[in-house]
Amino acid sequence: MNILVTGGAGFIGSHTAVALHEAGFTPVIIDNFTNSAPSALDGLEKILGFRPAFYENNCDDAALLRHIFEKEQIGGVIHFAAYKAVGESMAHPLKYYRNNLGSLLTLLEVMLEKQVPNLIFSSSCTVYGQPDQLPVTEDSPVKPAESVYGNTKQICEEILRDTIAAKNPLKITSLRYFNPIGAHPSALIGELPLGVPSNLVPFVTQTAAGIRNSLTVFGGDYPTPDGTCIRDYIHVMDLAEAHVAALQQLVKTNDSSFYEVYNVGTGNGNSVLEVIHAFDAISGQEKLPFVIGARRPGDVVAVYADAQKVTAGLGWNAKRSLEEALRDAWNWQKTLRQA
Ligand code: WQD
């Protein structure tokens, strides 16, 4: 079955393209390179042994989507394409609402028109804000979004829920990610740093590579065991494989209308300092230079998944450790340094 991977040149999209191929699906990619680069397609080609069909375009172009569905015989979609920079979303809300909501609405309309029912939606644990209880389950209350980016994810989930409530012939699963890190073990694809990384692990690897002078830990006075924030860091290949498991469930489901939501995390929480120490243990270099600085506005203290539902529902669980993810991220960084 041919699967359209929107944003498939991006970090999670490209790794999911690999997992799709490994499971016997054929990825077809649409991406406008706003948060990715053509080099990801070169790396994918080396891993897959063929270059996936690729369309450089936005996802809100209905005419193009119709063309792709017909030409590539699309049987399902994994929708990653969205703007995702929390800070930028606060400065440019209309850009985020137009792109993140508009793309999903256009995609849903074309899927209904072409009678393609299977959709996996890329959502985020940011919908939970600061959970009242940890680990966080899918029944935990969705809190008012802390950012425009997070709000677009919440609104998209509501669009999906209402679309299925109206009994449209679609089968949809929303996957709420935690913190994807790492890279494919081949180091041929990984998290491409466009500009100064806002995420922790790319900043760690760039500091270790000498691109950044020092890491600033955003806050050392949180109510956690070592004073730094806690997150659920999941290897990007584990996350990619969760998408394939979710798609396989949709393909098998006989219901004409179906909607499900899963948290996709390891179920473990690690603090910023624990990530730094784990990196030092695998980097083979001197200790990472870091300073404890001011808290970053918008950060929640701790969030990590209760992954029981996704394990029960999909038979999936994270297999790779934090250390393995950091090792793969570091190997990827070292190939970038040579580039
Ligand atoms: C993790 C921890 C920082 C950088 C965001 C989005 C989320 C998803 C993943 C899109 C925090 C600390 C970070 C640094 C630091 N993105 N940190 N120094 O904020 O949990 O999640 O990215 O889907 O939606 O919100 O990830 O990697 O930015 O931060 O101390 O230089 O590392 O304060 O505690 P976050 P992150």
Side-chain angles (χ1 to χ4, degrees), residues 7 10-13 16 35-36 79-90 96 100 121-131 134 136 142-143 145-154 156-157 174-182 191 193-208 211-236 239 243 263-266 269-279 288-305 322 325-326 329:
F11 176 37
I12 305 166
T16 301
N35 194 26
S36 58
H79 183 46
F80 293 104
Y83 295 145
K84 54 155 270 185
V86 171
E88 184 193 33
S89 76
M90 303 308 281
Y96 271 66
N100 291 6
F121 175 67
S122 165
S123 191
S124 170
C125 66
T126 43
V127 301
Y128 298 116
Q130 176 56 65
L134 289 169
V136 65
V142 171
K143 294 257 184 88
E146 314 245 343
S147 69
V148 166
Y149 158 73
N151 202 31
T152 66
K153 289 299 179 184
Q154 288 184 11
C156 283
E157 285 198 12
S174 288
L175 300 182
R176 292 173 178 168
Y177 307 159
F178 286 72
N179 289 63
I181 63 168
E191 190 167 9
L194 301 178
V196 179
S198 64
N199 291 136
L200 175 64
V201 170
F203 207 106
V204 164
T205 58
Q206 286 192 11
T207 303
I211 298 168
R212 309 286 164 201
N213 294 328
S214 166
L215 169 75
T216 301
V217 175
F218 296 144
D221 58 352
Y222 282 101
T224 61
D226 66 15
T228 64
C229 293
I230 293 171
R231 294 288 184 276
D232 185 327
Y233 296 97
I234 177 171
H235 195 297
V236 65
L239 180 58
H243 286 75
N263 286 345
V264 183
T266 66
N270 285 111
S271 72
V272 177
L273 287 179
E274 284 172 339
V275 170
I276 293 170
H277 297 147
F279 184 80
L288 196 85
F290 69 89
V291 294
I292 304 275
R295 294 183 175 193
R296 179 173 70 175
D299 273 340
V300 297
V301 180
V303 59
Y304 52 94
L322 173 68
L326 293 170

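Just so you know, ligand 1 is whichever comes first in the structure, and atom 1 is the first atom listed for that ligand.
Between F121 and H243, the ring center distance fails the sub-6.0 Å criterion.
Summary of contacts: the protein heavy atom closest to atom 19 (O) of ligand 1 is R296 NH2, 2.8 Å. Considering only non-hydrogen protein atoms, atom 7 (C) of ligand 1 sits nearest to T126 CG2, 4.0 Å. Remark: minimum distance from atom 16 (N) of ligand 1 to any protein heavy atom is reached at K84 NZ, 3.9 Å. Nearest non-hydrogen protein atom to atom 20 (O) of ligand 1 is R231 NE, 2.6 Å. The shortest contact between atom 36 (P) of ligand 1 and any protein heavy atom is with N199 ND2, 3.4 Å. Nearest non-hydrogen protein atom to atom 30 (O) of ligand 1 is F218 N, 2.8 Å. In terms of protein heavy-atom proximity, atom 18 (N) of ligand 1 is nearest to T216 O, 2.8 Å. Nearest non-hydrogen protein atom to atom 33 (O) of ligand 1 is D299 OD2, 2.6 Å.
Atom CG of N213 is surrounded by 12 or fewer heavy atoms from other residues, nucleotides or ligands within 6.0 Å.
Between the side chains of Y177 and S122, a donor-acceptor pair is found at a separation under 3.5 Å. The closest side-chain donor-acceptor pair between S174 and E157, if any, does not fall under 3.5 angstrom. Y128 and N263 share a side-chain donor-acceptor pair at under 3.5 Å.
With a 4.0 Å cut-off on non-hydrogen atoms, V272 touches ligand 1 through its side chain and not its backbone. Heavy atoms of N179 found under 4.0 angstrom from ligand 1 belong exclusively to the side chain. Contacts of T228 with ligand 1, taken as heavy-atom pairs under 4.0 Å, are absent altogether. Contacts between Y149 and ligand 1, counted as non-hydrogen atom pairs separated by less than 4.0 Å, involve the side chain only.
Residue V217 approaches ligand 1 through these ligand atoms, each under 4.0 Å from one of its heavy atoms: 30 (O). Within ligand 1, counting atoms from 1 as listed, the ones closer than 4.0 Å to a heavy atom of S198 are 4 (C), 13 (C), 28 (O). Interface of V86 with ligand 1, defined as ligand atoms under 4.0 Å from a residue heavy atom, comprises 25 (O). Using a 4.0 Å cut-off to heavy atoms of S124, the atoms of ligand 1 that qualify are 24 (O). Shown in contact with C229 at under 4.0 Å from a heavy atom are these atoms of ligand 1, numbered in order with element: 34 (O).
Annotation: L200 places an N or O atom under 3.5 Å from an N or O atom of ligand 1; distance criterion only.
Shown here, atom 3 (C) of ligand 1 is in close reach of the protein: a heavy atom of it lies under 4.0 Å off.
When the ring pair (Phe, Tyr, Trp, His ring centres under 6.0 Å) test is applied to Y83, the partners found at least two apart in sequence or on another chain are Y96. For T205, the side chain to side chain donor-acceptor pair (under 3.5 Å) partners are Q333, not counting sequence neighbours.
Classified by interplanar angle (parallel below 30°, tilted 30° to 60°, perpendicular above 60°), the ring pair H277/F290 is perpendicular.
Residues I276 and V217 form a side-chain contact, since some pair of their non-hydrogen atoms from C-beta on lies under 4.5 Å apart. Looking only at side-chain heavy atoms (C-beta outward), I181 and I234 stay at 4.5 Å or farther from each other.
A heavy-atom separation below 4.0 Å is found between Y233 and ligand 1.
Both the sub-6.0 Å distance and the 45° axial angle are satisfied by R295 relative to the ring of Y222.
Of the options V136, V142, T126, a side chain to side chain contact (heavy atoms under 4.5 Å, CB included) to R176 is made by V142 and by none of the others.
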